[in-house]
Novice: 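Here you go, one structure.
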Amino acid sequence: MKKISMEQWENKYIKGQITRFDQKNQMFLRPGWDPEINGMVEDWSLNGPPQDEAGFTLEDRALLSASSMGTMLALFNTDLPNPMPGTVSLPNKGPFSFKIPEEMKLDSSNPQEITEKIKKAAKWFGADMVGICRLDRRWVYSHTYGEGVYFGPGDGTKHTSGESIVQEIPDEFQYAIVMCYEMDYDVIQHYSTYASLAATSMGYSRMAITNHHLSSFIKDIGYKVINCTTNNVAISAPMAMQAGLGDLGRNGLLITPKYGPRVRISKVITDLPLVPDSPIDFGVTEFCEACEICSEECPSQSLQYGERSTETQNISNIEGVSKWHINAETCRAHWSRSRRDCAVCINVCPYNKPDTWFHKSVRWCTDHMRWGDPLYVRGDKMMGYGKAKSPDRFWNEWKP
Ligand code: SF4
Ligand code: SF4
């Protein structure tokens, strides 16, 4: 794995004028306002009620709902530039916190030292990976769309919240702390059941909670934050790439060196002076060129074959970036039709492996002996990795 300069990263990915993405074009928000896509399926809600089927039982459904509870913290996030209407502010300072006088503000003359402390604190609060990037305003949503559109559980009722407002981040915010959270390897493998989706939901919950912890910490040392909670404020993947946490795969997901695409990403934007990390190259682009497993396995055929390009599929893709643009419309419609989220493109990806010596060795080869990529892909297929496991695995096999 080697570090690359921002110029090299820019040359690889940026191929035109980037028009800042409007958050309301995010596929999760479009059913709330876009008549163009509303005809694709009748009911855009996700995850139906419990069923008498392994992986979808009452306890599986309860596990999924309960795993989302941390994400609900997002609803109380008054740090967002466009918080949900009616948002109740959490008490800013609890009994264990304190408001520091201006003269006690942490000395910022040694950004390297502060950066190390921030990274340590982020891990303490729950992040599995942490990186720093300069805030690249091209990834900041041009408009925010409140906290989004919610659906009543299983009943398809739309609750539109918020309005579209122009979003500008003040100049004083120059850095972002980007964090990744591993989703459980064993549990996510019995996709796509309510129990496997609990692994995704726990990723979201952990990131919401960690973001709140870290934001509070930074405020308590005297600096400002924009707590982006889940996927708010800006596009996470390019920020994670700029912060040196991974590279982009054909499946449209951040591929990290240790967990592959099996991560969720959060970020906190701040005025605290920090030292940015460098983007990394560990052979992902070349490997994805040789491997099209996710495109072959995608149940809605939403992933591209062939080369990266700037050609977008619809308004849910950003313009000006050379990558494999996914068709979020057909992907999300599939989720709603099947009444469950889909984790196929995470599970089948050869980078999604446990961190054993064997898989570490193969990963070393995909980085240092890239000529062998077609061979490694064939080996992965022969070994039968990525196949869905027994749907009741969580209750019968998973060990805490
Ligand atoms: S989530 Fe599922 S449907 Fe969507 S792109 Fe991935 S594999 Fe395809
Ligand atoms: S499955 Fe293959 S092509 Fe798809 S993201 Fe993973 S490595 Fe790349």
Side-chain angles (χ1 to χ4, degrees), residues 26-28 30-31 37 40-41 44 46-47 183 185 188-193 196-197 199-201 203-204 231 237 240-241 246-264 281-309 312-314 316-317 322-353 359 362-367 370 372-388:
Q26 217 185 51
M27 200 51 224
F28 283 99
R30 284 177 60 192
I37 63 147
M40 289 178 73
V41 287
W44 283 91
L46 292 168
N47 305 323
M183 295 182 278
Y185 177 72
I188 207 167
Q189 278 185 96
H190 43 114
Y191 63 91
S192 295
T193 62
S196 73
L197 300 178
T200 311
S201 295
Y204 275 112
N231 290 326
M241 291 158 78
D247 205 350
L248 200 64
R250 182 184 291 281
N251 54 9
L253 302 169
L254 180 79
I255 310 276
T256 61
K258 188 170 174 186
Y259 309 113
R262 193 170 27 88
V263 293
R264 303 249 67 101
D281 172 8
F282 57 107
V284 171
T285 308
E286 292 84 347
F287 191 84
C288 286
E289 281 164 0
C291 166
E292 296 180 326
I293 294 178
C294 53
S295 303
E296 290 159 7
E297 298 291 332
C298 172
S300 63
Q301 288 298 293
S302 302
L303 301 176
Q304 289 185 8
Y305 292 86
E307 301 288 310
R308 293 181 299 141
S309 78
T312 56
Q313 308 273 331
N314 50 60
S316 288
N317 297 130
S322 174
K323 61 178 197 165
W324 291 285
H325 290 273
I326 87 157
N327 188 335
E329 290 182 356
T330 48
C331 163
R332 181 64 179 78
H334 168 74
W335 289 24
S336 287
R337 254 186 237 110
S338 60
R339 301 306 302 274
R340 61 195 72 160
D341 310 10
C342 168
V344 170
C345 52
I346 295 176
N347 277 283
V348 300
C349 178
Y351 281 104
N352 172 39
K353 294 288 189 312
H359 295 304
V362 178
R363 278 198 294 258
W364 186 90
C365 293
T366 60
D367 185 1
R370 299 182 188 185
D373 285 344
L375 226 60
Y376 315 137
V377 174
R378 209 172 317 145
D380 200 272
K381 287 181 177 171
M382 275 169 54
M383 296 295 285
Y385 288 121
K387 297 273 178 274

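Whatever order the structure lists them in is the order used to number ligands and atoms, beginning at 1.
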Novice: Tell me whether atom 4 (Fe) of ligand 1 has C331 as a neighbour, meaning an N, O or S atom of it below 2.8 Å.
Specialist: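 It does: C331 brings an N, O or S atom closer than 2.8 Å to atom 4 (Fe) of ligand 1.
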
Novice: Any atoms of ligand 1 less than 4.0 Å from a non-hydrogen atom of C345? List them with their elements.
Specialist: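 Result: 1 (S), 6 (Fe), 7 (S).
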
Novice: Between D281 and G283 (side chain of the first, backbone of the second, donor and acceptor by atom type, cut-off under 3.5 Å), is there such a pair?
Specialist: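 Yes.
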
Novice: Around atom 6 (Fe) of ligand 2, find the nearest protein heavy atom and jot down its residue, atom name and distance.
Specialist: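 The closest one turns out to be C349 SG, 2.4 Å.
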
Novice: Considering heavy atoms of the protein only, find what lies nearest to atom 2 (Fe) of ligand 2 and give residue, atom and distance to 0.1 Å.
Specialist: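 For atom 2 (Fe) of ligand 2, the nearest protein heavy atom comes out as C291 SG, 2.3 Å.
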
Novice: Supply the atom-to-atom distance R332 CZ to S302 OG, rounded to the nearest 0.5 angstrom.
Specialist: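 One finds 12.0 Å between CZ of R332 and OG of S302.
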
Novice: Considering only heavy atoms of W335, which atoms of ligand 1 have at least one such atom less than 4.0 Å away?
Specialist: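 Under 4.0 Å from W335, ligand 1 has these atoms: 1 (S), 4 (Fe).
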
Novice: Quick one: which ligand 1 atoms are inside 4.0 Å of a heavy atom on C298?
Specialist: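 In order of numbering, the contacting atoms are 3 (S), 5 (S), 7 (S), 8 (Fe).
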
Novice: Enumerate the atoms of ligand 1 whose separation from the nearest heavy atom of C342 is less than 4.0 angstrom.
Specialist: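 The atoms of ligand 1 under 4.0 Å from a heavy atom of C342 are 1 (S), 2 (Fe), 3 (S), 7 (S).
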
Novice: Whether the side chain of S295 engages the backbone of Q304 through a donor-acceptor N/O pair (distance < 3.5 Å, no angle test) should be reported.
Specialist: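 Judged by distance alone, yes, a pair lies under 3.5 Å.
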
Novice: Quick check on contacts: which atoms of ligand 2 are under 4.0 angstrom from a heavy atom of C288?
Specialist: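 Numbered from 1, ligand 2 contributes 3 (S), 5 (S), 7 (S), 8 (Fe).
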
Novice: Minimum heavy-atom separation for C342 to H334, with atom names?
Specialist: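 Answer, listing the atom of C342 first, then H334: CB-CD2, 4.3 Å.
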
Novice: If the cut-off is 4.0 Å to any non-hydrogen atom of P350, which atoms of ligand 2 fall inside it?
Specialist: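 Per the distance check, 1 (S), 2 (Fe), 6 (Fe), 7 (S).
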
Novice: Could you measure the distance from the CD1 atom of I326 to the CG atom of L303? Nearest 0.5 Å is fine.
Specialist: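 If we round to the nearest 0.5 Å, I326:CD1 and L303:CG are 6.0 Å apart.
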
Novice: What are the atoms of ligand 1, with element, lying closer than 4.0 Å to any heavy atom of S300?
Specialist: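 Close to S300: 3 (S), 8 (Fe).
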
Novice: Just which atoms of ligand 1 are under 4.0 Å from any heavy atom in V344?
Specialist: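 In order of number, 7 (S).
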
Novice: Taking side chain to side chain contact (heavy atoms under 4.5 Å, CB included) as the criterion, tell me which of K258, R363, R262 meets it with K353.
Specialist: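 When K258, R363, R262 are each tested with K353, the side chain to side chain contact (heavy atoms under 4.5 Å, CB included) holds only for R363.
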
Novice: Is the shortest heavy-atom distance from the side chain of E329 to the side chain of Q313 under 4.5 Å?
Specialist: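 Heavy-atom side-chain distance check fails, nothing below 4.5 Å.
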
Novice: For ligand 2, which atoms sit closer than 4.0 Å to a heavy atom of F287?
Specialist: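 Those qualifying, in numeric order: 7 (S).
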
Novice: Establish, from distance only, whether the side-chain atoms of S300 and T330 form a donor-acceptor pair under 3.5 Å.
Specialist: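 Short answer, no.
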
Novice: Under 4.0 Å from a heavy atom of C294: give me the atoms of ligand 2 that qualify, with their elements.
Specialist: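 That gives atoms 1 (S), 3 (S), 4 (Fe), 5 (S) of ligand 2.
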
Novice: Using a 4.5 Å cut-off on heavy atoms from C-beta on, say whether the side chain of R250 contacts that of F287.
Specialist: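 When only atoms from C-beta onward are counted, R250 and F287 do not touch, as no gap falls below 4.5 Å.
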
